[in-house]
Chemist: 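Questions regarding the structure given below will be posed in turn.
To find a chain, count down the sequence lines: A is the first, B the second, and so on, and within it residues start at 1. What's counted below: heavy atoms across the whole structure, side chains too, no hydrogens, waters or symmetry copies.
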Amino acid sequence: MGSATRSTRARPEPARFGRRLPRSFYARGTALVARDLLGKTLVYDGPAGVRAARIVEVEAYLGLRDPASHAYRGPTPRTAPMFGPPGRSYVYFVYGMYHCLNVVTERDGVAGAVLLRGAEPIAGVGADPRGLAGPGKLARAFGLTTANTAMDLVTSPLTIREAPPIRPSRVARSARIGLRQHETTNKPWRWHVIGSPGVSR
DNA sequence: CCACCGATTGCT
DNA sequence: GCAATCGGTGGT
């Protein structure tokens with residue numbers, strides 16, 4: 001009926017970026033999702049305007065089997081989104097001054113997420129090629145805080161969009177960064193685009 | 001209630 | 001190499 005044309009309709013999506021990744025993309029296993037996020041476009045159509053960047057560095061975090069994961073000891077108020085349905089954000093606050101953005105991966109009830117550690121500027125995030133190199137800097141450049149946790153990447157203004165894939169020969173895999181060295185935490189669950197200035201290190 | 005500490009960053 | 005800075009978490 002006529003009610004469909006009221007002002008409740010969503011703001012037009014930015015046309016210059018690719019199509020949003022479907023829910024199914026996020027539900028294929030954390031490691032596979034992590035690898036496939038390289039090259040995709042992170043877009044946030046937020047209060048400060050449209051911001052976008054190309055993802056070039058990620059890390060996978062699991063749940064009860066991963067001592068390095070926030071979800072290792074079970075769900076808490078902060079980590080609840082990690083146990084929620086796939087395709088949502090999990091943003092946490094660390095060191096009293098930084099925020100970090102994750103993409104939730106496993107099915108509802110199972111913990112799993114991919115930390116976005118590095119990206120290359122596309123729009124609205126400055127031109128410094130090193131400005132998004134590191135999870136704290138990336139979240140800051142996008143203006144993301146804990147207020148942005150548990151956002152649905154499939155239906156909200158925070159999205160990840162399709163983009164030309166990264167050649168396998170351009171992808172490196174290594175141990176995760178910033179963890180207390182432990183046999184169980186040094187698994188090769190970090191992926192990055194070789195040579196990109198958006199990689200933290 | 002209290003004490004510890006971190007999926008970081010930037011400066012010495 | 002290390003200080004900054006503070007909310008989440010777990011133990012008392």
Chemist: Round to a whole Å and report the spacing from NE2 of A/His99 to P of B/dT9.
Modeler: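 Atom NE2 in A/His99 sits about 13 Å away from atom P in B/dT9.
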Chemist: Measure the distance from CG on A/Leu179 to P on B/dC5 and round it to the nearest whole Å.
Modeler: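 Taking CG of A/Leu179 and P of B/dC5, I get 16 Å after rounding.
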Chemist: Could you point out which residue of A/Leu138, A/Leu132, A/Val50, A/Leu42 forms a side chain to side chain contact (heavy atoms under 4.5 Å, CB included) with A/Val125?
Modeler: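 Going through the options one by one, the only one that passes is A/Leu132.
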Chemist: Starting at atom CZ of A/Arg190, determine the distance to atom P of B/dT8, rounded to an integer number of angstrom.
Modeler: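 Rounding to the nearest Å, CZ of A/Arg190 and P of B/dT8 are 11 Å apart.
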Chemist: I want to check one thing: is the phosphate of C/dT9, taken as OP1 and OP2, less than 4.0 Å away from some side-chain N or O of A/Thr76?
Modeler: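 Looking at the OP1 and OP2 atoms of C/dT9, one of them is under 4.0 Å from a side-chain N or O of A/Thr76.
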Chemist: Between B/dA7, C/dG10, C/dT9, spot the one nearest the side chain of A/Ser69, thanks.
Modeler: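 The listed nucleotide nearest to A/Ser69's side chain is B/dA7.
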Chemist: Tell me the interatomic distance from A/Arg130, atom CZ, to B/dG10, atom P, rounded to whole angstroms.
Modeler: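 Atom CZ in A/Arg130 sits about 10 Å away from atom P in B/dG10.
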Chemist: Counting the atoms with a prime plus P, OP1 and OP2 as sugar-phosphate, which does A/Ser200 contact under 4.0 Å by heavy atoms, base, sugar-phosphate, or nothing?
Modeler: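 The residue A/Ser200 makes no contact with any strand.
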Chemist: Does A/Lys40 form a side-chain contact (heavy atoms from CB on, under 4.5 Å) with A/Glu162? I'd like the steps, not just the answer.
Modeler: CA-CA 6 Å; A/Lys40 299 292 191 293; A/Glu162 196 53 69; 3.2 Å; yes
Chemist: Checking contacts here: which listed nucleotide (B/dT8, B/dG6, B/dG10) is nearest the side-chain heavy atoms of A/Lys137?
Modeler: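 The nucleotide sitting nearest to the side chain is B/dG10.
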Chemist: Just checking A/Arg140: base, sugar-phosphate only, or nothing, at a heavy-atom cut-off of under 4.0 Å?
Modeler: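 Sugar-phosphate only.
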Chemist: Counting only Watson-Crick pairs (N1-N3 plus N6-O4 or O6-N4) and G-U wobbles (N1-O2, O6-N3), all under 3.5 Å, who is the partner of B/dA7?
Modeler: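 Base partner found: none.
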Chemist: Looking at every strand, decide which applies to A/Gly96 at a 4.0 Å heavy-atom threshold: base, sugar-phosphate, or nothing.
Modeler: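 Answer is base: heavy atoms of A/Gly96 come under 4.0 Å of a base.
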Chemist: Would you kindly check whether a donor in the side chain of A/Tyr92 faces an acceptor in the base of B/dA7, or vice versa, at under 3.5 angstrom?
Modeler: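 For A/Tyr92, whose side chain was compared with the base of B/dA7, there is a donor-acceptor pair (under 3.5 Å).
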Chemist: Just name whichever nucleotide pairs with C/dT5, Watson-Crick or G-U, keeping both distances under 3.5 Å, else none.
Modeler: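 When the pairing criteria are applied, nothing turns out to pair with C/dT5, so the answer is none.
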Chemist: Starting from P on B/dA7, measure out to CG on A/Leu138 and report it in whole angstrom.
Modeler: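 About 17 Å, once rounded to whole Å.
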Chemist: Centre of A/Tyr61's six-membered ring, under 6.0 Å away, within 45 degrees of the axis: is that where NZ or CZ of A/Arg176 sits?
Modeler: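 Flagged: A/Arg176 positioned over aromatic ring of A/Tyr61.
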Chemist: Can you confirm if the NZ or CZ of A/Arg88 lies within 45° of the ring axis of A/Tyr90 and under 6.0 Å from the centre of its six-membered ring?
Modeler: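 No cation-pi geometry.
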Chemist: Whole-Å distance between B/dT8 C1' and A/Asn102 CG?
Modeler: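 Answer to the nearest Å: 14 Å.
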Chemist: Roughly how many Å is it from CE in A/Met97 to P in C/dG8, rounded to a whole number?
Modeler: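 In whole Å, C/dG8 P lies 16 Å from A/Met97 CE.
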Chemist: Measure CZ/A/Phe93 against P/B/dG6 and give the value in whole Å, please.
Modeler: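 Distance, rounded to whole Å: 16 Å.
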Chemist: Does A/Val94 or A/Arg73 map to a spot on DNA chain C nearer the 5' end, using the closest nucleotide for each?
Modeler: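 Comparing both residues, the 5'-ward one is A/Val94.
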Chemist: Is any side-chain nitrogen or oxygen of A/Arg78 closer than 4.0 Å to OP1 or OP2 of C/dT9?
Modeler: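 Result: yes.
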Chemist: Going by an N to O cut-off under 4.0 Å, is there a salt bridge joining A/Asp128 and A/Lys137?
Modeler: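 A/Lys137 and A/Asp128: not salt-bridged.
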Chemist: Are OP1 or OP2 of B/dT8 and a side-chain N or O of A/Arg117 less than 4.0 angstrom apart?
Modeler: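 Answer is yes, contact under 4.0 Å.
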Chemist: Using modelled atom types and a 3.5 Å cut-off, is there a donor and acceptor pairing between side-chain atoms of A/Arg51 and backbone atoms of A/Ala141?
Modeler: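 Such a contact is found between A/Arg51 side chain and A/Ala141 backbone.
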Chemist: Is there aromatic stacking of A/Tyr61 against B/dA7, centre distance under 5.5 Å, plane angle under 30°?
Modeler: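 Yes, the aromatic ring of A/Tyr61 stacks with the base.
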Chemist: Roughly how far apart, to the nearest Å, are B/dC5 and C/dC2 at atom C1'?
Modeler: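 Per the computed distance, 15 Å lies between those C1' atoms.
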Chemist: Ring-on-base stacking between A/Tyr98 and B/dT8, under 5.5 Å between centres and under 30° between planes: is it there?
Modeler: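 One would not call A/Tyr98 stacked on the B/dT8 base.
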